[in-house]
Amino acid sequence: MNNNFVKGSWQEILDWAQNKSINMLHYCTGCGAIELPPTMTSRYDMSRFGIGPAATPRQADLLLVTGYLSTKTLRRLVYTYEQMQAPKFVVGFGSCTINGGMYWDSYNTIKQLDKYLPVEMYIAGCMPRPEAILDGLLKLKKMIADGEADGYQRYEENKDFYHQNQEAVLGEVQRTQ
Amino acid sequence: MRNEKDLLQLMNAHFNPLKLEIKREQNVSLEFEKEELIQALSFLKSHSYKHLSTISCVDWLEEGEFELVYHLFSYTDLINISLKTRIEREPGIFQTAKEIWPVAEFYERDIHDFFGVKFKGNDNLEELILENWQEIPPMRKDFDTRKFVNDKFEWRDYNGQKHTD
Amino acid sequence: MIDLIYKIGHFLLITIFTMALGLLFMGIARKIVARIQKRYGPPIYQPYLDVLKLFGKNAITHGFIFDFGAVMALGGVITTLFFIPLGSWQLYSMEGTVLLIIYLLAVASLGMAMGTVGSGNPQASVGISRALTQMLGYELPYLVILFALIFRYQTSSIWGLMQAQAGSFLNWNLFAYPLMALVAFVVLIGMMGKKPFDAMIAPSEIGSGPVVESGGKYLGMLLLQKSITIIIELALYVNLFLGGADNIFSFSFKMLIVWVLATMFGSLFPRFRIEDGVKFFWKWPLGIAILQALYIII
Amino acid sequence: MLIKYIFIPAAAAIAAYILNKKNKKAGAIVTALISAYLLFSLALLYGSWELSQSFSLSLMNYQVEFLLALTPLSWLFAVLTAAISFLIAVFSIESQADFKFSSAFNLNFLLVIASIMGVLLARDFLTLFIFWELMTWTSFYLISAGKKKLAGKAAFRYIILSTGAAYAFLMSAIFIYQQTGSFAFTRAAEFLLANSPVQSILLLAAISLPFMVKAGIFPLHVWVKDAHGNAPKEFSPFLSGMMLKVGIYGMLLVFHQLSFFKIIENTIAYRGLPLLSYLFALLGAVTIVTGTILAIRQEDMKKLIAYSSISQMGYIIIGIAIATPLGFTGSMLHLINHLIFKSTIFLALAAVIYRTGTTKMYEMGGLIFRMPITFAAYLTAIIALAGIPPTNGFISKWVIYQALIEKGYLFLALVAFFGSIASFMYVFKPLSTVFLGQLKPQHAEIKEVPLLMKIPMLILIGVIILFGVFPGIQMNIITQISGYLGMETVNYSLYSIQGAFGAWNSLYIFNIFSAGFVIALLIFGFAKKSKLVGLLDTYSSGEYITDAESYHYAYQYFRPFDRIFDNLAAKSLTGFYETLTNNLVRSGEGLRRVFAAGKLQNYALYSVLLFVILAAVGWII
C-alpha cells in the first residue's frame, strides 16, 4: 500500500485530514496550562479550527508542553510521548521550554525541550496569550498540511541522540517494549 | 486557654530558653540549647501543642552553623510557637523527633536531602524529592547553582552567542 | 440469487447512508452546543474529517480480544440496522423486532465492553461498570413503554406499530400517549449517553472511560458505531412515537428535530453520578411509564 | 425393564468406588461410561410412552406396590440428567487428580444419578419419597466433600431444610394413603379433585414443600448459595444444572399430575389467572429480583453464578405458573437452555479453579491470554445467559416475554425485564475480573486445561449455538410434553417459533449477524495494521506501572449499584433463619436442662411415659 505513487497522494490526503482535525493533549507542566481554557472556550474558541482536547495520549496527535519542565516531570513526559501514536507533534509554550526562561539557573529544570523531544514549534512569551497560541497552532496546521511537521520521524531516525540526552539528565529511563 | 505571656512563663519555669520573643499576636519564638530542645518538644506536645506543622532549616554559612526551627501549633491556645536551636555545620548531626511525631521522619528526610543534616535515630534518610543527586545538597549556601547549571546543560546558541554570557 | 445480491447491495447502501447521516448529526450537535456556549464550534462536516484522520493514524492493540471487541461492537450495530425501518427502506419486517433491537444493541455494548476491558486499563473497567449500571437504569422504563405499546397494538414488530399510527398526525403516539413519549425522550438521552448521563465516558474522571486505550482505527470504528447507534435510537423513537414516515427525507427530518431537542436538552445539565442516574431513572420515568402502562392495560 | 435405569448406576457406583481406590481416574471413567450408556438407551426409548412397570411387596398385612412409568416429561429430564452427568464425568476424569475424596465422589455421583432416575420414573408417592431421600442424602455427602468447614455448614443447612420438607411430604402422602388406600398419583388426583378445595390445597402445599426447597424458590433459597459455592468444583454444575430442575419436575408433578390447576380453577382469578398460581408466579418474580441483586454483590464467582441460577429459576417458575401454552413452552425451553449454559459456565469456572486454585474473583485476572478455550466457553455461555440473539438464551426469554405481554401481566414483565437486563451486569463481572484485565505474575505460567476437560466445554458451546439457531430441535419434545399434560401446543418449524405476535426466525438472525460481522471485519482489515503492546503499557497518566496487582479493577465491581441496595441486602434472609435457629437451640437447651439433667433413670422414665401417651393417642384416632 505504500509504494511511492499511492503513498504520495494518499499521504497528502491524510496530512490534509490530520491538519483539519487535531486532538490536543495539553500536558499541564507549568503556568501555561491556564492559558488553554480561554483558548478553548467562547472568546477564542480553538475548536473552530478542528482542534479539540483529547483525554489520553492514545487518542492525541498534538502534545502541548506548557511551561517549565522539572527533570522528574520530563521522565513522565517522555513516557507519555512514547504512548502517543504517529503522526504526533510537540509544541513548546513559553520561554521556559525554549531556553530555560526565568528558571534558567535552577538546578532542577531542563533548559531546552528539543534536546529531549522533537519539537515542531515553540510559541514564545512568558506564557503566550490565547491569540499567540492560536496563531502558533494555525501555523502548525499549515506545516502539517505541507507535510513539514515530521518531528516523529526525526525522533525515530536519531533515536539514540534523544535517548542519550534523556539518560544524561534522568539516569536510567524505562522504555515501552 | 493560655495567652502568649503565660506560655512564656510556663516555658521559663521548666526550661531555660536562651531567647524568648513574642513576634506578634499568636506567634511566639524561643531559642534553646541543642540538648534541651527534644525535651521541650515532648513537654509542649503534652501541653496541647499537638500539631507539628514543619521543621525548617537555615544555613548560617558565616557562623558555620545550621539553625533548626520546629513550628508547633495548639488548637486550644491557638498560638504558633517556633523552637529554634543551632547545630554545627560540619558534622551536622541532630537527634530525631520521630518518636514524638512520626511525621517528623519526612521533614527530616527533606532537610537531609537539601541541607545534608543527619538525624540520629531516623534510619531511612534516603532521597525524598531529588533523584540520583550526586552534588552537595543544593540548598546549602555554598552550592553554586550557576556553575552547576553551566556544566550540566548546554545553552541554546543564538548565532554564536549564548544568552547566558 | 439476484434477489440476494439486491438485498446485499441494499444492506450496504443503508449502512453507508446511516454512517454518513450519524456523523452529520454528530457534527450538527457539536455546532449546536458551541452556539449555546456562544462560540463558533467546528464545521458541520468535522466528524467526517475526524474519522478519516483516525483511520490514517497508527494504533496499538492489546491482543486478540481488543480487536475482536471492536469488530463485534461494529458488527452488532450493523446487524441491528437490518431490522429498523428507516422511512420507506424496510429490509425485513419480521415479528418481534422491537425486543430484538434492545438485545442486539446489547450485543454491540457487550462487544465494546469486552474489547475495552481486554486492554487491561482499570479506567476502562470502571467506565464499563458505570455503563452497564446505567444501562440497567434507563432500560427498565424503556421496556415498560415497549410492553405497553406492544400490548396496546397487539404486535411486536416495529412495522406493525408504525402502521398503527398511520393516517393523520393526530393519532401519532406522541399525541395519543404524551407522557410515554416524554419518558421515552428522557430515556433516549440516557441511551445515547448525552450530557446528564455521560458519567461512563467522563474525560476528566476516568480518561474518557472505555475508550481510554483505543486510538487510531479503533477510535474510528467506535465513532462509526456511535453514529449508527444514534441513528438506530432516533429511528426507534420516530417509528414508535412520531409515526415513522413514508420517505427517507421526512424520516431524517423528524430524526433531526428529535436530535436537536435532545442535544439542547443535554447541553444544559452537569453530569449525574451513576447511582443518582439510576435512581432518577427508576423514580420518575419508571413511575410515569408504569402509570401509563396500567392506564393502557385496564 | 425400566428398573434397569435405577439399578445399573447404583451397581456401577460400588464398582466405581472399588476401581477408584486403585487409580484416581477409573471412577470418573466408569461414571462417564454409565451415563453414556443411559443416554443412548434413553434416546432409543424416545416415543414409547406407554412403558410402565410395577412391583408389589406385602409387608405385614399391608399391600404396597411400586409403580414406575415413562412419561415424555420424565424422559426429557432423564435425558438431560444423563447428558449433563456424561459431560461432567468426562470433565472430572482429569480435574479430580488432586481431589482427596474422588472415590467417594464418584460413588455418590452415580448414586445421585440413580436416585434422580428413580424420582423421574416414580408414579407413586412411596417410590418418589424413597428415591427423593436417597437423592438428598447422596447430594448431602457430595456437597460436604467441598471446602472443609464451609461446605460442612452449607451441607448441614441443606439437609435440615430438605428433611423438614420431606417430613411434610411424608405426612400428606400417608394422609392421602389413608383416604385412598394406595399411593398412586392417579388415585390421589381423583381424591384431591373430589375433596374440599381448601384441604386439598393444603395437602398439595405440603407435598410441594420439598420440591420448592430443591428448586430454591424464594423463602427456601437460603441453602443454594453456600451449597453451590462450596460444593466440589465438579459437582456444582450438576447441582445447579440438574438438581434445581428436579425441584421444578416435582412442581410440574404437583401442578399438572395432581391437578393443582384443576382444583384452583374456580377460585377468584385475576385476568384469567387463578389467584394461587398468580401468587406462585409472584414468588418466582421475587426469586428473580433477590437472586439478581445478591448475585451482583458477590465476590466469590461460584456464589455469584449460584445466585444467578436462583434468579434464572424464577423465569421458569413464572412460565409454569401462568400456565398459558406460550408460558409453559417458554419455561420448558428456558429449563433446557438454562441447564446447558449454566453447566458450561460452571465447567469453565471449574477449569479456572483447577488451574488457579481460588474462587475469589479479585485474586485473578487476564486469564484470557493463558486459557483461551475456557474463555471462549465462558463467553458463549454468558452471551446465552444474558439472552443475546444468536444463542438459545434469547429464544426462551423471548417466548416468556411474549407470554407475559400476551396476557398483559405488567409486574411480572417488569421483573422479567429487570432480571434479564441486570443479568448483563452480573454476567460481565466475572468475565472482566477473571478473564480480562491485568494478568497477575503468579498466573503467568498457567497452561490451558488438559484435552479431556476441553471436550465437554466445546460440545456445550456447539449445543448452545445449535439450539440458538435451530430451536425446533427442542420444540418437538416440548410439544409432546404439553400434549401429555393436556395443554394446547405452540406451532413451530425447525428454526422459528410462533409467538403471540408472529413467528420468530432465528436462522435469519444468525445470517444477518454474520453479515454484519463480516462488514465490520472488512472495515477493520482495511485500515493500517496496529502494533501489539503489552498489558502493562497502558495510559496511567504518565506514571510507570510496575505491579499488575494494583492495576486490576476487580474488587466491588459494581459498588455504585450495590450502594442502592445496601440496606436491603443487610437484612438478608439468612439472618432471619439464624435467629430462628438460635431461639430453637436456646429453648431446646432449656428443655434439656429441665428434663434430662444427665441422670440415666430420667431417660428411662420419660421414654416409658412417651410410649404410653403415643399408645393412647394411636388408640383414639
Side-chain angles (χ1 to χ4, degrees), chain A residues 1-2 6-7 9-26 28 33 37-62 80 82-89 130 134 141 144-145 147 152-153 156 176-177, chain C residues 23 26-27 29-31 33-62 66 116 119-124 127 198 200-223:
Chain A
M1 237 260 296
N2 47 23
V6 170
K7 175 136 185 35
S9 65
W10 176 243
Q11 194 50 39
E12 269 149 35
I13 297 168
L14 287 184
D15 286 349
W16 175 76
Q18 178 65 57
N19 100 57
K20 280 284 186 235
S21 119
I22 300 173
N23 277 357
M24 159 208 78
L25 177 76
H26 67 281
C28 324
T39 330
M40 282 196 275
T41 45
S42 327
R43 178 174 270 281
Y44 295 96
D45 186 13
M46 129 206 304
S47 68
R48 53 193 150 108
F49 306 113
I51 306 171
T56 61
R58 300 291 188 207
Q59 304 161 0
D61 322 318
L62 172 65
T80 313
E82 268 158 14
Q83 275 190 340
M84 287 168 66
Q85 294 307 303
K88 51 192 176 184
F89 321 101
L134 281 184
K141 273 162 67 101
I144 297 172
Y152 59 95
Q153 274 139 7
E156 292 311 323
T176 58
Q177 334 60 351
Chain C
L23 291 175
M26 286 158 83
R30 281 171 77 169
K31 198 71 172 174
V33 170
R35 271 283 175 259
I36 289 174
Q37 296 167 355
K38 288 224 315 264
R39 54 186 176 87
Y40 290 102
I44 296 214
Y45 50 82
Q46 181 64 29
Y48 298 115
L49 300 173
D50 289 347
V51 171
L52 186 59
K53 175 206 83 174
L54 283 172
F55 274 102
K57 263 178 87 75
N58 292 9
I60 55 104
T61 173
H62 284 281
F66 193 68
T116 46
S119 73
N121 195 315
Q123 285 156 343
D198 70 346
M200 53 208 176
I201 42 165
S204 41
E205 293 160 47
I206 40 175
S208 74
V211 288
V212 68
E213 278 301 303
S214 354
K217 65 178 179 189
Y218 297 95
L219 198 55
M221 284 173 79
L222 284 177
L223 266 179

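Below, chain A is the first sequence line, B the second, and so on; all start at residue 1. Just the heavy atoms: all of them, side chains too, but no hydrogens, waters or symmetry mates, feed the values below.
- Between chain A and the options C:Leu219, C:Val212, C:Val211, heavy-atom pairs under 4.5 Å are most frequent for C:Val212.
- The two atoms that bring A:Ser21 and A:Asp61 nearest to each other are O-OD2, 3.7 Å, heavy atoms only.
- Of all heavy-atom pairs spanning A:Asp45 and A:Ser47, the tightest one is OD1-OG, 2.7 Å.
- Using a 4.5 Å cut-off between heavy atoms, A:Asp15 does not touch chain C at all.
- In terms of heavy-atom pairs under 4.5 angstrom with chain A, the leader among C:Ala59, C:Pro42, C:Gly216, C:Pro43 is C:Pro42.
- In this structure, chain C has a heavy atom under 4.5 Å from the side chain of A:Thr56, while its backbone stays farther away.
- With a 4.5 Å cut-off on non-hydrogen atoms, C:Ala34 does not touch chain A at all.
- Looking at A:Asn19, neither its backbone nor its side chain comes within 4.5 Å of chain C, counting heavy atoms on both sides.
- Contact detail for A:Met46 and A:Ile51: the closest heavy-atom pair is CG-O, 3.4 Å.
- Taking each heavy atom of C:Ser119 and C:Ala124 in turn, the nearest pair found is OG-CB, 4.2 Å.
- Neither the backbone nor the side chain of A:Ala54 comes within contact range of chain C; no heavy atoms are under 4.5 Å apart.
- Residues meeting the ring-ring contact (aromatic ring centres under 6.0 Å, His included) test with C:Phe66, sequence neighbours left out: C:His62, C:Tyr218.
- Options C:Leu54, C:Leu52, C:Ile60 differ in how many heavy-atom pairs under 4.5 Å they form with chain A, and the most are formed by C:Ile60.
- Per-residue counts of heavy-atom pairs under 4.5 Å with chain A were compared for C:Arg39, C:Gln123, C:Gln46; the largest is that of C:Arg39.
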ask   = Please walk me through it: do C:Val33 and C:Arg30 pass side chain to side chain contact (heavy atoms under 4.5 Å, CB included)?
value = CA-CA 5 Å; C:Val33 170; C:Arg30 281 171 77 169; 5.9 Å; no

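- When the side chain to side chain donor-acceptor pair (under 3.5 Å) test is applied to C:Asn121, the partners found at least two apart in sequence or on another chain are C:Glu213.
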